There are 2 protein chains.
Amino acid sequence: MPQEAVAGSLANRVATQLQDAIVSGALDLGQALSEDSIADALDVSRTPVRQALQLLQARGLVQIRPKAGTYVFEPTVEQIAELTEFRVTLERQAALWAFERSRAASAKTLAQVVETMEQAIADRDMRAYGRADTAFHEVFFKGCDNSYLWNSYTFNFAQVAALRTHLAAYTEAEPLRSFEDHKAIRDIFDSGQASELEPILAPHILRTRENYTATLRQRQERLSESRIEQLRRALDPTSFSPKRGLESAPQREETQ
Amino acid sequence: MPQEAVAGSLANRVATQLQDAIVSGALDLGQALSEDSIADALDVSRTPVRQALQLLQARGLVQIRPKAGTYVFEPTVEQIAELTEFRVTLERQAALWAFERSRAASAKTLAQVVETMEQAIADRDMRAYGRADTAFHEVFFKGCDNSYLWNSYTFNFAQVAALRTHLAAYTEAEPLRSFEDHKAIRDIFDSGQASELEPILAPHILRTRENYTATLRQRQERLSESRIEQLRRALDPTSFSPKRGLESAPQREETQ
DNA sequence: GGCACCCTTCTTGTATACAAGATTTGCGTC
DNA sequence: GACGCAAATCTTGTATACAAGAAGGGTGCC
């Protein structure tokens, strides 16, 4: 993995490490983070940790409750819907501008990324496909030549990346469907018209919403069931039955 | 002005005060800010000041140069162009959603704001008109029912508000032209169609860009001229003539 | 047994002291 | 007089100590 040379101040390094941990899934959604523990774990003082956490709060990755605690963000179904909607707005515009302003360069990069995806699918390496997916959509924001749009992207879409890791439950068919979209977009950049972008891009993004929402619902059910189980066990140990409601539920071991 | 009760932590209060000072024009664009001076002036320690400055940096209102200093932002012509472009993208979407989702409430508020504007014009109170202008555009973001769009608005448009104060040079005709747009938009919300919004809103916003850019260019000329004057005075005192090139040029005294 | 209250503990908020880098100013030299 | 170098000063970066509020657990009362 990257972890490359790490840039600048301690605070930035801490922020990067924390963001990586959240995006990669090493830290669970909703998990409590204490400034002290992080400072100890990373062998720095609380000052840069606080700075980092404030930055991550601005990016929507953590929530700071004054005097109470700091927690990894935990999206609701509504938030996911709003984020996706917002993403469509920004990305549609970015793609359009990239098409108008950096078409040749963007087309070239998109083609390369699509090849990477092809390889990832052949290898059945879903992690590599996810990385390529991120790279694909980044092309628009890099090529659109508007720093505010780019900032908005990096700011809000750390959440998107985290959701992908935590909530993406690719079905067998899903990556192929998504891959078709990617190829279509590549072709439009190669030899199509700008007006063809929207009818592909918008549904492409909105489809991820269903995916995340479904997973989140499952996750919430699982959590509440597990809470019920715990309660039952605690309150009425004699009648406790070991039968589990969800057999296929991946057993999430406690975060490392 | 507000200054109302001020919320929460010292850091937030400091951030609010600083943002107000920048937006209102009390602090000049590009002016140097030292954490120490601010802390002394506001009678707090450097810690909350640092926090506040970092927040303001995220909002694009100040620029922190590591170990060197912190400065009020100073936009370039390109930045203004990008910001305006970005604003069109966001505001067009916000207006559309507000129209679809909160049409009645939005229409009512817009009508009220337009009345306020009418009064402001009658009173020739440009400051009141500016406030109403801000309120007018806020209606879209409040009514669009998407918290990410709203966040993006509050985050990026502190700059817009600051630009309005520092760079808006309303000509005689400009506010009337702008007012016509506002009335037209009000009417569309009252009894029009969504598709009519864009042809009015986009040019309406883009027009501000020309205004700001022109003022900025003048300002830059003025500054560089004044620098030349200063140099001339310093380097060649014998031939220095007290005649000033620009009589109304604000003499930049050193930071408070 | 259930409930309210208090106290303990843990969390973040703020102040201060020190460290390290960037900038500027002044001096010395050419 | 102009240029280069070095020291002094000013800036932010980091560490630590203390304060204040929130949350949870335990105890006493009803």
Side-chain angles (χ1 to χ4, degrees), chain A residues 5-18 27 30-58 61-74 227 230-231 234-238 255, chain B residues 5-18 27 30-58 61-74 227 230-232 234-239 252-256:
Chain A
V6 275
S9 65
L10 276 183
N12 283 332
R13 280 192 272 174
V14 173
T16 304
Q17 288 194 52
L18 280 174
L27 292 173
Q31 177 167 1
L33 302 171
S34 115
E35 296 176 357
D36 255 324
S37 344
I38 298 173
D40 287 350
L42 271 55
D43 211 55
V44 297
S45 83
R46 269 183 58 210
T47 308
V49 174
R50 275 181 67 75
Q51 239 177 294
L53 286 176
Q54 279 158 13
L55 182 63
L56 263 52
Q57 183 182 41
L61 286 181
V62 308
Q63 179 196 5
I64 301 176
R65 294 196 297 176
K67 312 258 185 174
T70 304
Y71 302 83
V72 178
F73 83 111
E74 197 163 17
R227 261 190 227 121
Q230 284 176 5
L231 266 173
L235 298 180
D236 193 6
T238 58
T255 69
Chain B
V6 273
S9 65
L10 275 182
N12 283 333
R13 280 192 272 175
V14 172
T16 304
Q17 289 193 53
L18 280 174
L27 292 173
Q31 177 167 1
L33 303 171
S34 112
E35 297 177 357
D36 256 326
S37 344
I38 299 173
D40 287 350
L42 271 57
D43 210 55
V44 296
S45 83
R46 268 184 59 211
T47 308
V49 174
R50 276 181 66 75
Q51 243 178 292
L53 286 176
Q54 279 158 14
L55 182 63
L56 263 52
Q57 183 183 38
L61 286 180
V62 307
Q63 180 194 5
I64 301 175
R65 294 196 298 175
K67 314 259 184 169
T70 303
Y71 302 83
V72 178
F73 84 110
E74 197 164 17
R227 263 191 225 120
Q230 284 175 6
L231 267 170
R232 186 173 300 165
L235 297 180
D236 194 6
T238 58
S239 72
R252 288 171 136 270
E253 263 128 38
E254 209 31 80
T255 69
Q256 59 165 43

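Protein chains get the first letters and strands the later ones, always in sequence-line order, with residue 1 at the start of each. Owing to the predicted nature of the structure, the values given are computational and were not obtained by experimental measurement.
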Here the gap from Q51(B) atom CD to L10(B) atom CG, rounded to the nearest 0.5 Å, amounts to 9.5 Å
Under 4.0 Å, heavy atoms only, any strand: does L33(A) hit a base, just the sugar-phosphate, or nothing? sugar-phosphate
Assign each of S45(B) and T70(A) the nucleotide of DNA chain C bearing its closest heavy atom; nearer the 5' end lies the nucleotide of T70(A)
Sequence neighbours excluded, the answer for side chain to side chain contact (heavy atoms under 4.5 Å, CB included) partners of L56(A) is A15(A), L18(A), Q19(A), I22(A), L61(A), V62(A)
Practice prompt. Would you please test R65(A) and T70(A) for side-chain contact (heavy atoms from CB on, under 4.5 Å) and show each step?
Written response: CA-CA 6 Å; R65(A) 294 196 297 176; T70(A) 304; over 6 Å; no
Taken to the nearest 0.5 Å, the spacing of Q63(B) CD from F73(B) CZ works out to 11.5 Å
* To do: Start with the C-alpha distance between Y71(A) and Q31(A), add both sets of side-chain angles, then the distance that settles side-chain contact (heavy atoms from CB on, under 4.5 Å), and finish with yes or no.
  => CA-CA 5 Å; Y71(A) 302 83; Q31(A) 177 167 1; over 6 Å; no
Legend entry - Candidate pair L55(A) and Q54(B), rule side-chain contact (heavy atoms from CB on, under 4.5 Å), full reasoning: CA-CA 8 Å; L55(A) 182 63; Q54(B) 279 158 14; over 6 Å; no
So side chain to side chain donor-acceptor pair (under 3.5 Å) across residues 41-50 of chain A, not counting sequence neighbours, yields E35(A)-R46(A), E35(A)-R50(A)
Taking only N/O atoms, report every protein-nucleotides 20-25 of chain C pair under 3.5 Å with atom names and distance.
{"from": "dA22(C)", "atom 1": "O4'", "to": "K67(B)", "atom 2": "O", "distance (Å)": "3.4"}

Output for pair (L33(A) CG, I38(A) CD1), nearest 0.5 Å, gives 4.5 Å
Under a 4.0 Å heavy-atom criterion, DNA chain D is touched by chain B from dT11(D) to dT14(D)
Sorted by chain and number, sequence neighbours left out, side-chain hydrogen bond (donor to acceptor under 3.5 Å, both in side chains) with S37(A) holds for S34(A)
Stems in DNA chain D, runs of 3 or more consecutive Watson-Crick or G-U wobble pairs with both distances under 3.5 Å, sorted by first number, are C:1-30 with D:1-30
Under 4.0 angstrom, heavy atoms only, what part of the nucleic acid is T47(B) near: base, sugar-phosphate, or nothing? base
Inset, instruction - Step by step, work out the side-chain contact (heavy atoms from CB on, under 4.5 Å) result for L42(A) and V49(A). - result: CA-CA 9 Å; L42(A) 271 55; V49(A) 174; 5.7 Å; no
